[in-house]
Amino acid sequence: MLVSEFMLQQTPVPRVEPVWLAWMQQWPLPSALAAARRADVLRAWGKLGYPRRALRLHAAAEVIAAEHGDVVPADLDALEALPGVGSYTARAVAAFGYGRRCPVVDTNVRRVVARAVHGHGDAGPARTAADLADVDALLPAADRPAAVVSAGLMELGAVICTARTPRCGICPVRAACAWQAAGRPEYTGPRKPVQTYAGTDRQVRGRLLDVLRGSDGPVERAALDAAWGDGAQRDRCLDSLLVDGLAEQLDDGRFALPA
DNA sequence: TAGCCGTGGTG
DNA sequence: TCACCAAGGCT
């Protein structure tokens, strides 16, 4: 559950599934992952994106192996103390991994609540405490049923109450939906700015890392030079990869994934 | 807290 | 074609 939630942070389910299957096969226990080399972890992560998540998962596995008896903790505070684990991931593990009654708020749930409960076309900016309270009010008292409802809320948002074209015609909560009752008014609040990608450091970092990932051993600087034309931007991005621990420079000047 | 961090599918 | 979007977290 923890591995899947890491992978699902900002990455669609269909792309995660095959990687998750192979990952769990290779590293069935936190201690196994903790013992792996970061280079192998980054290669197994493949092109899921945001590769810092892979390093954080690896670091979380180290903590779990060393401090939690090789068992993912069930306690929210202990979970959130793990690198790469925020409010959403901690709560998802508690609810779906341990069957606890624990409000899980992700982008899907926020949208479902915004529509079905508040009658808005979409969720505005996150209001963490209020969002948790909204969802808490929807959960049954007992652990197991609450966990089922939490999963249902996420699924509803992912499959029916989607961002672009909600399938209201087949929605199981249509009769109780405040947005439907209000005539499905369009969302008028602030939109989160769309992230550009082409030409950004993110794209360049991705290109550089792809070169390192695709090579069995260290690569010459020239191989990285070929990955992006703008030398200044390339150097800046390579440096940032080194700083982030996603790449290393060897004594001979060549570059590689971290050991 | 707004902006950054990858990648690829889609309407 | 190209915004927009996808089960966030960190600083």
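Here is the naming used below: chain letters follow the sequence lines, and residue numbers restart at 1 for every chain.
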| Would you call A:Arg207-A:Asp210 a salt bridge at under 4.0 Å N-O? | no
| field | Position toward the 5' end of DNA chain B (nearest nucleotide), A:Gly46 or A:Thr165 | value | A:Gly46
| Got a sec? Which of residues 95-121 of chain A come in under 4.0 Å of DNA chain C, heavy atoms? | A:Asp106, A:Thr107, A:Asn108, A:Arg111
| field | Contact interval (first through last nucleotide) of DNA chain B with protein chain A, 4.0 Å heavy-atom | value | B:dC5 to B:dG11
| Any salt bridge (charged side-chain N to carboxylate O under 4.0 Å, His left out) pairs touching residues 247-259 of chain A, not counting sequence neighbours? | A:Arg38-A:Glu248, A:Asp252-A:Arg254
| task | Return yes if a side-chain donor-acceptor contact under 3.5 Å exists between A:Ser150 and A:Arg91, otherwise no. | result | no
| message | If I pick the C1' atom on C:dC4 and the same atom on B:dG6, what distance separates them, to the nearest angstrom? | response | 16 Å
Show every donor-acceptor pair shorter than 3.5 Å between a side-chain atom in residues 131-146 of chain A and any protein atom, with sequence neighbours excluded, or say none if there are none.
from	atom 1	to	atom 2	distance (Å)
A:Asp131	OD1	A:Arg127	NH1	3.2
A:Asp131	OD2	A:Arg110	NH1	3.2
A:Asp131	OD2	A:Arg127	N	3.0
A:Asp134	OD2	A:His118	NE2	2.9
A:Asp136	OD1	A:Arg101	NH1	2.8
A:Asp143	OD1	A:Arg101	N	2.6

| task | Assign A:Ser4 to base, sugar-phosphate, or nothing according to its heavy-atom contacts below 4.0 angstrom with the strands shown. | result | nothing
| remark: Within residues 200-235 of chain A, those residues having any heavy atom closer than 4.0 Å to DNA chain B are A:Asp201, A:Arg202, A:Arg205, A:Gly206, A:Arg213
| task | Could you list by number each residue of residues 190-199 of chain A showing a heavy-atom separation from DNA chain C of less than 4.0 Å, or answer none if no residue does? | result | A:Val194
| query | Using a side-chain heavy atom cutoff under 4.5 Å and only I, L, V, M, F, W and Y, what cluster partners does A:Val243 have? | reply | none
| B:dG11 versus C:dA7 - spacing of their P atoms, nearest Å | 14 Å
| task | With a 4.0 Å heavy-atom cut-off, tell me which residues in residues 6-21 of chain A come close to DNA chain B, sorted by residue number. | result | A:Gln10, A:Thr11, A:Arg15
| query | If two hydrophobic side chains count as joined below 4.5 Å and joins carry through other members, does A:Leu33 share a cluster with A:Val19? | reply | yes
| query | Does A:Leu257 reach the side chain of A:Leu209, with side-chain heavy atoms less than 4.5 Å apart? | reply | yes
| Contact list for residues 62-87 of chain A, test salt bridge (charged side-chain N to carboxylate O under 4.0 Å, His left out), sequence neighbours left out | none
| query | Say you pick atom C1' in C:dG8 and the same atom in B:dT1; how far apart are they, in whole Å? | reply | 15 Å
| request: List in numerical order all residues of residues 146-163 of chain A for which some heavy atom is under 4.0 Å away from an atom belonging to DNA chain B. | output: none
| task | With sequence neighbours left out, write down each residue that passes side-chain contact (heavy atoms from CB on, under 4.5 Å) with A:Arg164, or none if nothing qualifies. | result | none
| task | Can you run down the salt bridge (charged side-chain N to carboxylate O under 4.0 Å, His left out) pairs that involve residues 178-196 of chain A, sequence neighbours left out, and say none if there aren't any? | result | A:Asp122-A:Arg191
| task | Select base, sugar-phosphate, or nothing to describe what A:Gly86 touches, counting heavy atoms under 4.0 Å on all strands. | result | sugar-phosphate
| task | For A:Gln9 and A:Tyr88, test the side chains for any donor-to-acceptor distance below 3.5 angstrom and give the result as yes or no. | result | no
